[in-house]
Novice: 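The structure follows.
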Amino acid sequence: MEEIAGNLGSARKIFERWMQWEPDDAAWNSYVKLEVRAGELARARDIHERYIACHVTLRSYLKVARWEEKQDQVRGAKKRRKKLNLQHW
């Protein structure tokens with residue numbers, strides 16, 4: 001609702017409070033999508049870093065690497081995969 005009302009700052013505060021609960025993937029993805037819609041790719045990347053720190057799994061790393069690829073950030077995707085030693089994927 002806050003985003004629709006044009007109050008991006010309040011929307012971010014709500015998401016930040018929610019992220020303190022370390023929610024599931026869908027919640028983190030919603031927050032990333034908010035930042036992408038706002039044109040804030042750097043913020044979206046920061047949220048992904050926090051998501052990976054919260055959910056330290058192969059799935060989360062690959063999810064972020066795929067997102068980077070979609071953003072035409074091949075270097076970022078390769079960095080993620082290299083970090084996991086997944087060059088063959």
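We number each residue from 1, following the sequence as shown.
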Novice: Mind checking whether Leu8 and Leu34 have side chains closer than 4.5 Å, heavy atoms only?
Specialist: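 A side-chain contact under 4.5 Å exists here.
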Novice: For the pair Ser30 (side chain) and Ala26 (backbone), establish whether a donor and an acceptor sit closer than 3.5 Å, ignoring hydrogens and angles.
Specialist: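 Yes, the answer is positive, given that a donor and an acceptor are paired below the 3.5 Å cut-off.
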Novice: Starting from the C-alpha separation in whole Å, work towards a yes-or-no answer on side-chain contact (heavy atoms from CB on, under 4.5 Å) for Tyr51 and His55.
Specialist: CA-CA 6 Å; Tyr51 162 68; His55 297 281; 3.6 Å; yes
Novice: Could you check whether any side-chain heavy atom of His48 comes within less than 4.5 Å of a side-chain heavy atom of Val32, counting everything from C-beta outward?
Specialist: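 Heavy-atom side-chain distance check passes, below 4.5 Å.
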Novice: Would you check if the side chain of Ser10 reaches a backbone N or O of Asn7 as a donor-acceptor pair within less than 3.5 Å?
Specialist: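 No, Ser10 side chain to Asn7 backbone: no donor-acceptor pair under 3.5 Å.
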Novice: Mind checking the CD1-CD1 spacing from Ile52 to Ile47? Nearest 0.5 Å is all I need.
Specialist: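 Between atom CD1 of Ile52 and atom CD1 of Ile47 there are 12.5 Å.
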Novice: Where do Ala27 and Met19 come nearest, in terms of heavy atoms and distance?
Specialist: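 Nearest heavy atoms, Ala27 then Met19: O-CE, 3.8 Å.
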Novice: Give the minimum heavy-atom separation between Trp28 and Pro23, together with the two atoms involved.
Specialist: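 Looks like NE1-O, 3.2 Å.
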Novice: Do Arg45 and Glu40 pass the salt bridge (Lys or Arg N to Asp or Glu O under 4.0 Å) test, and can you show the C-alpha distance, the side-chain angles, and the key distance before you say yes or no?
Specialist: CA-CA 9 Å; Arg45 282 188 181 88; Glu40 297 285 348; over 6 Å; no
Novice: State, yes or no, whether a side-chain contact exists between Val36 and Trp67 at a heavy-atom distance under 4.5 Å.
Specialist: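 Side chain of Val36 against side chain of Trp67, heavy atoms only: contact under 4.5 Å found.
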Novice: Could you tell me whether Glu16 and Arg50 make a salt bridge, using a distance below 4.0 angstrom between a side-chain N and a carboxylate O?
Specialist: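 Yes.
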Novice: Search all heavy atoms of Arg12 against all heavy atoms of Ala38 and return the closest pair with its distance.
Specialist: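 In terms of heavy atoms, the two residues are closest at NH2-CB, 4.5 Å.
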Novice: Give, for atom CD of Glu35 and atom CZ of Arg37, the distance between the pair rounded to the nearest 0.5 Å.
Specialist: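 It comes to 9.5 Å.
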